[in-house]
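Okay, so here's the structure we're looking at.
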Amino acid sequence: MNLQHTYKTISGSRPELKVSVCAVLLSLVLYSCANIGTPDGGLYDETPPKIVHTTPHEGAIGIMPKKVTLEFDEYIKLENAYERVVISPPQYEAPEVEAYGKKVTVTFNDTLKPNFTYTIDFGNSIVDNNEGNPMGEYAFSFSTGGAIDTLQVSGKVLEAENLEPIKGILVGLYKIEETDSMALEDMLNWSDSASIAADSIFQTKGLERIGRTDGSGHFIVKGVAPGKYRIFALTDQDQTYTYSQKSEKLAFTKQIITPYAKYETRMDTIWHDSIHYDSIFPVKYTHFYPDDVTLLAFTAKQDDRYLLKSERPEQRFFSLYFTAKSDTLPRITSLNFTTTDSTIIVETVPTNDTIKYWITDSLIYTMDTLEIQVDYYATDSLKQLSLRCDTLSFVSKISKERLAKQREQAEEEWAKEYKRRVKSERKAKQAEEERAEREAEEEEKKAAEAEGRKYVKKKKEKKKRSKEEEEEIVVPPMPLEPYEIKWSATAGMAPNKNIDLQFDEPIAYMDTSKVTFEMKVDTLYEPAPYLLLPVEGKVNAYRFYAEWEPDSTYMLTLDSAAFVSVYGKATDATKRNIKIRGLNSFSTLFVTLQNADTSAIVQLLNGQDKVVRSAHVENGKVDFYFLQPQTYYMRVFYDRNGNGEWDTGNYDTRQQPEEVFYYHNPLQLRAQWDVNQIWNLKSRPLIEQKPEKITKQKPDKAKQIQHRNAEKLAERARRKKKN
């Protein structure tokens, strides 16, 4: 405070006020000195917002409102309204949900259905504007008919493949009318095409009542009338509330839902603080059933087969990509060039949906455009596979000009490096010659001194290389790039592993005379037996087999050109030291399954839920040897079709995805441990099986009142006590 300025402002030019003004200023100074600290303000608002009025009234019947308005006792806001606010029955034209001031409004853009209970489920999205105090779970209901339906259906939606909770997926009901009850058993039987066609409601009619899952995969469908229902889950990409695209994730079940409610009693606790409680007392409440519906969602495989794309990333090969697998390869016919059996090498995958064609003839692959006819089986309008013929033009993404420029740059770099190396060698040679001359001169000087004669230093002509001499360096042609090998792990291998040799181009041949394999015995290496064979189905990979002995060392030697590619590249000479770990560094796991299907496959998982080992169950058992000591998790799936991999479901044929189970605890394996684990697959419900540590989808963080006033009041008490 500027006291001089204040004094002048108050007193002005009236001297009779000066004494009294001084007294006032003195009191102000004394007051400010007595209040040095900063005021801490008032208490925080810890009261959740409350509804004071609604239009229409909550629970109103026989109405068709265009808008619903909620009025609160304080300023509020909506958090994540798009995710959390669910209106049931669903609205095909999205309603407008707005929050401003002390009001929330919901404006309907669809015509409301007669004789329906409408539920606007806000979840926990309503909070006060200042402190974010949550109002809590809240749903507003009204009816266009003569009664409010109050039943609820709840449960969880999990990913069928890995039992991950699914957040944000719709869950909906269809009511089974009494007129359909006669056909209900046939609909659920799904034994023939007629039954399947009759049960197409999910593809033809929108869901009638809906809910949405939270972060733990939990859902509640509210406002349900008494009756029998079918239940589905759907990631509704086009907002039709029907299963209309195969890219939409869905879940379906034969289970018939019959909602009901019971009055039950639970025990509630009044807490004194976070540790101690004051009392426990019984509370009557309404329990809605069923509350444990489990839906397993999946995305159907794309079984409509057609040519997705074709490309020629570089001159030497082109690729075809199909949308679904096939038992046969397409037939290709060249239109503007001539081929032989060795001109094109075909590289495939087991499903034949990705095919790469390597061209070995340089006269062909240097052509700007390749014209090719492709005959293949594709899905027609009747959903049947029929022969189709396409004519394709392939132009390399890397042009001739770009390749020539890259080649020119590479040759320039090669010439530059070669000349640098030659100059360096010449310089080293010259330095060696000069050193030898100095040594000879020193020897001659010593000899002269020993003979008592005078040493006469020879005059040396200074050698100076001319520019012409430097330009005499003849640069040889740039050598071919080496045929690079990508090795699988060769250090610290387990005795049950083998070594893969992967190349980036097809292999023309392998020369076994240039391969040497030895085992270290004491301090010497001795020849050891081995096999080196092509990997089935691959044109650019070999696998090295040997009878590995634990705690042993081997040496694999490849001489130059042991492998040669179809383009003339050859491998460089190389040696690989292979160390096989001892048995005392591994763990062993023996698993006995109970209540398991004979088609079960057990998968060992790491901490990222990734498969590290798998094995078929035989006689209810499976053994895993040579395991790296660490923490593992276990998953089982039923390989119903025997293809060795998990398969998704198909709503068109009413095929459920193959069943999956998780062992609920981690398995900590240590070196030299033999662990026997009994696993009853059905000892726990599916929603409790997957361990939390490998569950990626975590529950939503619950919004709570912060209770910051307790801390503020405690601080005030401390200050008061101190003063």
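Counting begins at 1 with the first residue of the sequence.
A donor-acceptor pair under 3.5 Å is formed between the side chain of Arg305 and the backbone N or O of Ala324. At least one donor-acceptor pair under 3.5 Å links the side chain of Ser143 to the backbone N or O of Gly145. Without hydrogens or angle criteria, Gln384 side chain to Asp380 main chain gives no donor-acceptor distance under 3.5 Å. Checking side-chain atoms of Glu83 against main-chain N and O of Gly168 turns up no donor-acceptor pair under 3.5 Å.
Using modelled atom types and a 3.5 Å distance limit, the side chains of Gln203 and Thr242 yield no donor-acceptor pair. With 3.5 Å as the limit, one finds a donor-acceptor pair spanning the side chains of Arg635 and Gln603. Side-chain contact of Asn162 with Asp609: a donor-acceptor pair under 3.5 Å is absent, judged by distance alone.
For an aromatic pair to be called close, the ring centres must be under 6.0 Å apart, and Tyr241 with Tyr92 satisfies this.
Using a cutoff of 4.0 Å between basic side-chain nitrogens and carboxylate oxygens, Asp652 and Lys246 are scored as salt-bridged. With respect to Lys690 and Glu164, a salt bridge is recorded, a charged nitrogen being found less than 4.0 Å from a carboxylate O.
Ring geometry for Tyr651 against Tyr243 counts as perpendicular: the plane angle is over 60°, on a 0 to 90° scale with 30° as the lower cut.
The side-chain hydrogen bond (donor to acceptor under 3.5 Å, both in side chains) pairs that include a residue from residues 101-118 are Thr117-Asp149, where partners are two or more places apart or lie in different chains.
Taking the side chain as every heavy atom from C-beta outward, Tyr263 and Thr286 approach each other to under 4.5 Å. Between Leu163 and Ile687, the closest side-chain pair of non-hydrogen atoms is not below 4.5 Å.
Within a 6.0 Å sphere centred on NZ of Lys325, heavy atoms belonging to other residues, nucleotides or ligands number 12 at most. Crowding of Asp238 atom CG: a count of heavy atoms from other residues, nucleotides or ligands under 6.0 Å exceeding 12.
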*asked:* Run the ring pair (Phe, Tyr, Trp, His ring centres under 6.0 Å) test on Phe252 and Phe202 for me, step by step, so that the C-alpha distance in whole Å, both residues' side-chain angles and the decisive distance to 0.1 Å come before the verdict.
replied: CA-CA 9 Å; Phe252 66 95; Phe202 195 23; 8.2 Å; no
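Atom CD1 of Ile210 sits about 10.5 Å away from atom OG1 of Thr119, to the nearest 0.5 Å.
A ring-ring contact (aromatic ring centres under 6.0 Å, His included) with Tyr260 holds for exactly one of Tyr289, Tyr229, Phe288; it is Tyr289.
Both cation-pi conditions hold for Arg266 and Tyr285: the charged atom is under 6.0 angstrom from the six-membered ring centre and inside a 45 degree cone around its axis. Relative to the ring axis of Tyr82, Arg84 does not place its NZ or CZ within 45° and under 6.0 Å from the centre.
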